[in-house]
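Predicted model only: the values in this text are computed from it and were never measured. For ligands, and for the atoms within them, numbers begin at 1 and follow the listed sequence. The figures that follow rest on heavy atoms only: side chains count, while hydrogens, waters and symmetry mates do not.
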Amino acid sequence: MPEQDSPGLFIHSAAQLITPELLDRVSGPKLMLRIIPDGAVLIEDGQIASVGITEAVRRDGRAGAAVTLDASNCVIAPGFVDSHTHLVFAANRHEEYEMRIRGASYESIAALGGGIRNSVRRLRSVEEDELFEAARQRCTRFLEYGTTTIEAKSGYGLDLENELKILRIIARLNEDPEVSLEIIPTFLGAHEVPDEFRDHPTKYVDLICEQMLPRVTEDQLATFCDVFCEAGVFTVEQSRRILIAAQSFGLKLKIHADQLSHSGGARLAVELGAISADHLEHIKEDEVALLAESKVVATLLPGAAFHLGTNQFAPARRLLDAGALVALATDFNPGTSPTVSMQVILSIAGSSLWMTPSESFAAATLGGACALGCQHRMGSIQEGKQADLVIFEVNDYRLVPYHYGMNSVRAVIKKGQLLFDHQKRG
Ligand code: NIG
Ligand code: FE
């Protein structure tokens, strides 16, 4: 926590300060990016105290007493809110990556016991402390790429002991004073049917509902419950049963929906009032309208289709134009999207989802915050919100997705604390 009487931080003279706003409208994009030239922000006690054009913020008496940071030729933006990650896993799956390049499909690898079940076997054999250390290092990588909050799912344990192990690691990361990344936990016991339940998947659903959910919620280890609703994984009926049980335990809902096939997940998300439906590569036109009319956030994860090479991307343009609230996230995981970089996701969103840089920045910040129910305290640079900011070393925000695969971050501020500033290092 920031100290009460610590001096404020006045970041000024940015070529642009960008901040999204939520619009109250029926059709057309729900988020709009405001661009303030010669922008500045004043931070006090970990929060945004003032934002606007440099001279206007400077005139605020409080700026004089603050530590200053010159952001000339740079862009100030809200920290990315990455609302869909699988942070805790034991090992990379680059062997499967090569198998896919040679022609095997993700589904055929999974059917042979690879994929998620490969990650499960590996995670079960690794001690909690070793997994914690690997996850801790990944948290640093997220911050280096400009992400200040992530959601993180369990889902590579698939038994009570190992699902709890993952969620405890997430709780420990949040408590660790050396980890500045904020992490919102999601229980994804329904990520796959584990090896020992292949012949009786209903028994695994029973286990989730009767043993895992009570324990996860009793120990207060998750905010959300997610299900991989997909052909060959969990049916709509099984997903509904798990999610209704989760709701009764007070968890909010997310769904991996219509990723590899038209599973009915998006429809189920609307039916159950989920906070988000994620992926959506295979939704139909009537489901675009359904999502647009609902409060469900359409979370797009184009890194997965990119890395899988399917070329089957979610209908982002139609969702945006129909008035859906769209978020972008990495889906960071060892199988389908091994990147922590929201910047590269913006690039893919431009080239494959036809989202403009202003749309993708808004979706990757305030959109992500909405997908986590955190839009009142993060996702935009607004007075009273948490001071979670990125300074990019470019003078136009469009250069961030334009320079694909590059890291344009100069500095990151989390809850008012300057975590690093590459410019200072010279
Ligand atoms: O979001 N679709 C399910 N879960 C991940 C993949 C996980 C894995 O392959 O390990 C996803 O793409
Ligand atoms: Fe995922």
TODO: Measure from NZ or CZ of R172 to the centre of the six-membered ring of F132, then state whether that distance is under 6.0 Å and the direction lies within 45° of the axis.
DONE: yes

TODO: With heavy atoms of N333 as the reference, note each atom of ligand 1 found under 4.0 Å away.
DONE: 5 (C), 6 (C), 7 (C), 8 (C), 9 (O), 10 (O), 11 (C), 12 (O)

Open item on the list: Does only the side chain of E230 get under 4.0 Å from ligand 1, or the backbone, or both, or neither? Count heavy atoms.
Closed with: neither

- [ ] Out of F332, F228, Y156, indicate the one that has the non-hydrogen atom closest to atom 10 (O) of ligand 1.
- [x] Y156

TODO: Please name the atom of H84, restricted to N, O or S, that is closest to the Fe ion (ligand 2).
DONE: NE2

Open item on the list: Could you identify the single nearest non-hydrogen protein atom to atom 11 (C) of ligand 1 and state the distance to 0.1 Å?
Closed with: D331 OD2, 3.1 Å

Task: D331, N/O/S atom nearest the Fe ion (ligand 2) - done: OD1

- [ ] Identify, for atom 2 (N) of ligand 1, the protein heavy atom at the shortest distance, and state residue, atom and that distance.
- [x] Q259 OE1, 2.6 Å

Task: Short N-O contact, E287 and K284, less than 4.0 angstrom - done: no

TODO: Could you tell me how the ring of H86 sits relative to the ring of H191: parallel (under 30°), tilted (30 to 60°) or perpendicular (over 60°)?
DONE: parallel

TODO: Please calculate the NE2(H256)-the Fe ion (ligand 2)-NE2(H86) angle and round it to 10 degrees.
DONE: 100°

Open item on the list: Any side-chain to backbone donor/acceptor pair from S263 onto G265? Under 3.5 Å, distance only.
Closed with: yes

- [ ] Could you tell me whether any N, O or S atom belonging to H279 is less than 2.8 Å from the Fe ion (ligand 2)?
- [x] no

Task: Flag if over 12 foreign heavy atoms under 6.0 Å of CZ, R122 - done: yes

- [ ] List every atom of ligand 1 that sits less than 4.0 Å from any heavy atom of H279, numbering the atoms from 1 in the order shown and giving each element.
- [x] 1 (O), 11 (C), 12 (O)

- [ ] Using modelled atom types only, decide if a donor and an acceptor are shared between the side chain of N174 and the backbone of I183 within a distance under 3.5 Å.
- [x] yes

Task: Interfacing atoms of ligand 1 (cut-off 4.0 Å, heavy-atom, H191) - done: 3 (C), 4 (N), 5 (C), 7 (C)

TODO: Ignoring hydrogens and angles, tell me if any N or O in the side chain of D226 forms a donor-acceptor pair with the backbone of H256 under 3.5 Å.
DONE: yes

Open item on the list: Whether the side chain of S337 engages the backbone of N333 through a donor-acceptor N/O pair (distance < 3.5 Å, no angle test) should be reported.
Closed with: no

Open item on the list: For F89 and F332, take the angle between the two ring planes, folded into 0 to 90°, and tell me which bin it lands in: parallel under 30, tilted 30 to 60, perpendicular over 60.
Closed with: tilted

Task: R102/E98 ion pair, N-O < 4.0 Å - done: yes

Open item on the list: I'd like to check whether S119 has a polar contact with ligand 1, where a contact means an N/O of the residue lying under 3.5 Å from an N/O of the ligand.
Closed with: no

Task: Enumerated ligand 1 atoms positioned under 4.0 Å from heavy atoms of I116 - done: 7 (C), 8 (C), 9 (O), 10 (O)

Open item on the list: Can you tell me if, anywhere in D226, an N/O/S atom lies at a distance from the Fe ion (ligand 2) that is smaller than 2.8 Å?
Closed with: no

TODO: Report the nearest protein non-hydrogen atom to atom 6 (C) of ligand 1: residue, atom name, distance rounded to 0.1 Å.
DONE: Y106 OH, 3.4 Å

Task: E151 and K153 ion-paired at < 4.0 Å - done: yes

Open item on the list: Out of all atoms in ligand 1, which are within 4.0 Å of some heavy atom of R93? Include the element for each.
Closed with: 8 (C), 9 (O), 10 (O)

Task: Nearest-neighbour protein heavy atom for atom 12 (O) of ligand 1, which is reported as residue plus atom name and distance - done: T336 OG1, 2.7 Å

Task: Any E192 heavy atom less than 4.0 Å from ligand 1 - done: no

